[in-house]
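Notes for the one structure printed next.
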Amino acid sequence: MTTISRWVCILIVLVLGVIVILGLVFGLKKNKGTTNKGTTRNLKEIVVERCLMFIKEVDTSDNKCDQIWSTFKHAFIGKNPCNVKMGDYDQFIDTVHQYISRNKTLFWSKTQQIAHDFTKATKCFMTLEDTLVGYMMDGLTWCGQNSSMEFDYTYCPGYKECENNPVSSFWKRASMNFAESAQGRVAVMLNGSMSQPFSTSSIFGSIEVNHFNSSIISHVNIISVISSTYSGPCNSMSIRNLTSILKNKRINSTCKAITVSEIQNCTSKHNPQSCDCVINGEL
Ligand code: N1C
């Protein structure tokens with residue numbers, strides 16, 4: 001190779017290197033800027049349509065979707081999106097009328113997908129998203145702006161930016177109400193593959209458990225969802241911590257480790273009616 005062609009090769013490698021580095025830098029910057037979504041487009045239409053559909057198919061009680069929408073909007077519109085508190089949704093929660101059947105409540109923490117696949121397939125339990133409040137807002141983002149009656153469609157703060165953001169405060173307030181309404185034997189699906197399946201900083205650990213009403217809840221069935229290779233998670237410190245918190249509230253509990261494939265088997269089309277296959281008839 002001549003000296004000139006060697007220099008041409010070096011130059012090409014350098015130019016390619018610079019292009020790759022610039023691509024990475026701009027790519028990362030772009031991702032960083034788009035981490036937080038703004039308000040979901042057509043929020044009102046989506047929420048009202050979901051409300052009407054839910055009332056038609058699941059719940060025939062006297063809910064008024066227009067009224068529900070206005071109390072929901074009132075909770076955060078015109079407010080600094082870092083200063084919307086749980087209490088701002090009080091009126092909204094009071095406007096939605098729903099009855100949660102005894103022995104049917106399912107809580108979850110870090111098991112969102114599998115818990116919802118399970119309730120959808122078996123219809124034996126209800127998560128918050130299977131009630132009108134959770135169904136309407138599931139997967140949506142919303143926030144307002146200080147001194148404006150408009151939604152912010154470009155950016156809504158997440159939990160990392162500020163705790164009192166409209167979406168986090170909504171789920172906390174809705175979860176509090178859901179936990180207060182739970183009656184009889186209830187269940188919770190925890191992620192037994194994590195080092196801390198029960199965390200006192202999760203919504204389940206910091207809000208729902210604290211609002212369990214021991215005069216109407218008789219038993220908590222803790223389901224530790226595990227991958228087939230992991231064993232012994234019911235004995236983990238964090239689950240023992242949950243058991244003792246419940247005991248102090250005078251609520252009995254039992255824990256059972258169940259593999260992902262056992263749950264999937266219950267939710268598969270071949271086994272659609274398996275109401276208690278996951279809990280083996282304990283509920
Ligand atoms: O913090 P988590 O779980 O323990 O919250 C889950 C717990 C469930 O039992 C639900 O009843 O709290 C309720 N809940 C929801 O139903 C819900 N839907 C969507 C709490 N949070 C919910 N989200 C979003 O997931 C919300 O943005 C919140 O911050 C996460 C919490 O999920 P997690 O940490 O797995």
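Both counts, for ligands and for their atoms, begin at 1 and track the order of listing. Sequential numbering from 1 along the given sequence is applied to the chain's residues.
- Ring-plane geometry between W108 and H116 is classed as perpendicular, the angle between the planes exceeding 60 degrees on a 0 to 90 degree scale with a lower cut at 30.
- Sparse packing is recorded around CD of E49, with 12 or fewer heavy atoms of other residues, nucleotides or ligands lying under 6.0 Å away.
- R185 places no side-chain N or O within 3.5 Å of a backbone atom of V220 that could act as its donor or acceptor partner.
- Under 4.0 Å from any atom of ligand 1, one finds heavy atoms of residues F107, W108, S109, K110, Q112, L128, E129, W171, S175, F178, S202, I203, F204, E208.
- In this structure a side-chain-to-backbone donor-acceptor pair under 3.5 Å is missing from K249 to I245.
- Between the side chain of E161 and the main chain of G158, a donor-acceptor pair closer than 3.5 Å is present.
- The stretch residues 139-151 participates, sequence neighbours left out, in these side chain to side chain donor-acceptor pair (under 3.5 Å) pairs: Y89-W142.
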